[in-house]
Amino acid sequence: MEVGFLGLGIMGKAMAANLLRHGFRVTVWNRTLAKCQELAALGATVGETPASVVSKCRYTIAMLSDPSAALSVVFDKDGVLEQIGSGKGYVDMSTVDAATSTKISEAVKQKGGAFLEAPVSGSKKPAEDGQLVILAAGDKPLYDGMVPAFDVLGKKSFFLGEIGNGAKMKLVVNMIMGSMMNALSEGLCLADKSGLSPQTLLDVLDLGAIANPMFKLKGPTMLQGSYNPAFPLKHQQKDMRLALALGDENAVAMPVSAAANEAFKKARSLGLGDQDFSAVYEVVKGAGGSGSGQA
Ligand SMILES: NC(=O)C1=CN([C@@H]2O[C@H](COP(=O)(O)OP(=O)(O)OC[C@H]3O[C@@H](n4cnc5c(N)ncnc54)[C@H](OP(=O)(O)O)[C@@H]3O)[C@@H](O)[C@H]2O)C=CC1
Ligand SMILES: O=CC(=O)O
C-alpha cells in the first residue's frame, strides 16, 4: 500500500517510520524539508509540497501541530486541495477542533475527494511501537480503506460516525489527561512539603485504584526535573483550550479543566512550551525553571 505523510514532528516521524518498517511505500513532506532526510534514509520518497504528495498517492495522512497548521497545509498554495479529487483520500490525524475538521472535510468533498479525521491517543513511544488508539470519524469507505495502515499504527481504532466526533473525543480525553497531570503535580508537591517522600507517594499510587500508565511513566522523570518532550506542553495547552471551547458550546461547567489550563498557560509564559507537558510540575512547585535532564 502506498501512502503520503505530511508532518514529521515527534509523532509523524515515528508513525511514518513505522509504516515503512511494515512494508508500506511512503512519500513524506515536512514544512522544514530537512526533517525528511531521516525518513528518506529509511526508504521514504520525499515530496516537495503537500500537493505533490497528494498527486502521487491515493491516500495521504497528515500529522500537524494545531488547527492553523492543519488548515494551512490544505488551503495554502501548493496545498492538499490543489490535487485532491475523485478516488483520493485525505486523513488528518492531528488534534484539532471539530470546526477545523469540518472545514477541511467540506473543502475536500467539494473537490470530489474523501476525508477522515483520525486523531490519536498515545504519545511518542506508542507511536514508535504501533500502539496508538485511533479515533476516526467521517468517510466510512475511506476508514475501511485505511484499516491496513491503522492496524500498523495503532492497537485499536474506533469509527465514531460523523465528522467532528473524532476531534471531540480526542479533546475530551486530553482534557482529562491535562487535569490529571495537574492533580499529580499538586500531590507530589503536597507530599514533599508535608514531609513525605514523593517517590513513596508514586509507589502507593501505583498499587491502588488510581494507578495508571501516565503517573507511572511521568512521575519518576518529574521528580528528576526531566522534561524531554514526548508530548510538548504547548500542544497540551492547545488541547485544554479547545476542550474548554467545546465546554462553552455545550454549556458544560469545567472548573477543574479551567484551572489546569491556567497552569499550562503559566508554564508557556515561562518558556516551557517546548518541554514535555509534565513540566507543568515546575509551575505547581512555584519554581518555573526549565527542565534539563533526559526523559
Ligand atoms: N506528541 C504527542 O505525544 C502527541 C501529539 N498529538 C498531536 O499530534 C499533532 C502533532 O504532534 P507532535 O508531533 O508532537 O508535534 P510537533 O510539534 O513535534 O510537530 C508538529 C508538526 O507540525 C508541523 N507544522 C507546524 N506548523 C505548521 C505549518 N504552519 N505548516 C505546515 N506544517 C506545520 C511541523 O513542521 P516543522 O517541522 O516545519 O516545524 C511538524 O511537522 C498535534 O496536533 C498534537 O496535539 C497527539 C497525540 C500524542
Ligand atoms: O495527545 C497526547 C497523548 O498522549 O495522547
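Values in this document were obtained by computation on a predicted structure and should not be read as measured data. For ligands, and for the atoms within them, numbers begin at 1 and follow the listed sequence.
- Of all the heavy atoms of L64, the ones lying under 4.0 Å from any atom of ligand 1 are found in both the backbone and the side chain.
- Atom 31 (C) of ligand 1 has its closest protein heavy atom at V73 CG2, 3.6 Å.
- With a heavy-atom cut-off of 4.0 Å, K35 touches ligand 1 through its side chain alone.
- Per-residue contacts place P232 under 4.0 angstrom from the following atoms of ligand 1 (heavy atoms of the residue considered): 1 (N), 14 (O).
- Nearest protein heavy-atom neighbour of atom 7 (C) of ligand 1: T95 OG1, 3.5 Å.
- One option in M93, R31, M15 has a heavy atom closer to atom 39 (O) of ligand 1 than any other, and that option is R31.
- The L8 neighbourhood of ligand 1 comprises atoms 41 (O), with distances under 4.0 Å to a heavy atom of that residue.
- Partner D239 forms a side chain to side chain contact (heavy atoms under 4.5 Å, CB included) with one of Q236, Q237, R241 and no other, that one being Q236.
- For ligand 1, the atoms sitting less than 4.0 Å from at least one non-hydrogen atom of M63 are 8 (O), numbered in the order shown with element in parentheses.
- Using a 4.0 Å heavy-atom cutoff, S121 is absent from the residues neighbouring ligand 1.
- Given atom 36 (P) of ligand 1, the protein heavy atom at minimum distance is T32 OG1, 3.5 Å.
- For ligand 1, the atoms closer than 4.0 angstrom to any heavy atom of N30 are 35 (O), 36 (P), 37 (O), 38 (O), 40 (C), 41 (O).
- Between the N165 side chain and the L160 main chain, a donor and an acceptor come within less than 3.5 Å of each other.
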Can you list, pair by pair, the side-chain donor-acceptor contacts under 3.5 Å of residues 67-84, counting residues two or more places apart and other chains?
{"from": "S72", "atom 1": "OG", "to": "D76", "atom 2": "OD2", "distance (Å)": "2.8"}
{"from": "E82", "atom 1": "OE2", "to": "D78", "atom 2": "N", "distance (Å)": "2.7"}

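- In terms of heavy atoms, G219 sits closest to L202 at C-CD1, 3.4 Å.
- Contacts with ligand 1 closer than 4.0 Å are made by no heavy atom of V96, backbone or side chain.
- At the shortest separation from atom 19 (O) of ligand 1 among protein heavy atoms lies G9 CA, 3.3 Å.
- With E117 contributing its side chain and G164 its backbone, the two residues share a donor-acceptor pair below 3.5 Å.
- Every residue two or more places apart in sequence or in another chain was checked for a salt bridge (Lys or Arg N to Asp or Glu O under 4.0 Å) with K88, and none qualifies.
- Listed for the E128 side chain is no donor-acceptor partner under 3.5 Å among the backbone atoms of A17.
- The distance from ligand 1 to the heavy atoms of A230 drops below 4.0 Å at these ligand atoms: 1 (N), 2 (C), 3 (O).
- Under a cut-off of 6.0 angstrom, the local environment of CD in Q199 is crowded, with over 12 non-hydrogen atoms contributed by other residues, nucleotides or ligands.
- Residue contacts with ligand 1 do not include Q236, since none of its heavy atoms lies under 4.0 Å from the ligand.
- For ligand 1, the polar-atom distance check against H235 finds a nitrogen or oxygen pair separated by under 3.5 Å.
- Sorted by first and then second residue, the pairs that involve residues 13-26 and meet salt bridge (Lys or Arg N to Asp or Glu O under 4.0 Å), not counting sequence neighbours, are E2-R25, K13-E38.
- Considering backbone and side-chain N/O of D66, none are found under 3.5 Å from N/O of ligand 1.
- The N/O atoms of K170, backbone and side chain alike, include none that comes under 3.5 Å of an N/O atom in ligand 1.
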Could you check ligand 2 for N or O atoms lying under 3.5 Å from protein N or O atoms and list the pairs with distances?
{"from": "ligand 2", "atom 1": "1 (O)", "to": "K170", "atom 2": "NZ", "distance (Å)": "2.8"}
{"from": "ligand 2", "atom 1": "1 (O)", "to": "N174", "atom 2": "ND2", "distance (Å)": "2.8"}
{"from": "ligand 2", "atom 1": "5 (O)", "to": "G122", "atom 2": "N", "distance (Å)": "2.8"}
{"from": "ligand 2", "atom 1": "5 (O)", "to": "K170", "atom 2": "NZ", "distance (Å)": "3.0"}

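- Here is the list of ligand 1 atoms found below 4.0 Å of a heavy atom in G7: 41 (O).
- Given atom 3 (O) of ligand 1, the protein heavy atom at minimum distance is S123 OG, 2.5 Å.
- Contact between M254 and G247 at its shortest, heavy atoms only, is CE-CA, 4.0 Å.
- Considering each of S65, A70, G122, the one bringing a non-hydrogen atom nearest atom 22 (O) of ligand 1 is S65.
- Using modelled atom types, one finds no donor on one side chain facing an acceptor on the other under 3.5 Å when comparing N182 with E186.
- Although no hydrogens or angles enter the test, the distance criterion places no donor-acceptor pair under 3.5 Å between the side chain of W29 and the main chain of L6.
- The distance criterion of under 3.5 Å between nitrogen or oxygen atoms is met by I10 with respect to ligand 1.
- Ligand 1 places these atoms under 4.0 Å from at least one heavy atom of K238: 42 (C), 43 (O), 44 (C), 45 (O).
- If you number the atoms of ligand 1 from 1 as listed, the ones under 4.0 Å from a heavy atom of V120 come out as 46 (C), 47 (C).
- Distance alone, capped at 3.5 Å, places no donor-acceptor pair between the S101 side chain and the A98 backbone.
- Looking at D276 and K218, a side-chain N of the basic residue comes within less than 4.0 Å of a carboxylate O on the acidic one, giving a salt bridge.
- Remark: ligand 1 and M11 share an N or O pair separated by less than 3.5 Å (distance only, no angle test).
- For ligand 1, none of its N or O atoms has an N or O atom of S94 under 3.5 Å away.
- Residues K109 and E106 are not paired through a salt bridge, judged by the lack of any N-O separation under 4.0 Å between the basic side chain and the carboxylate.
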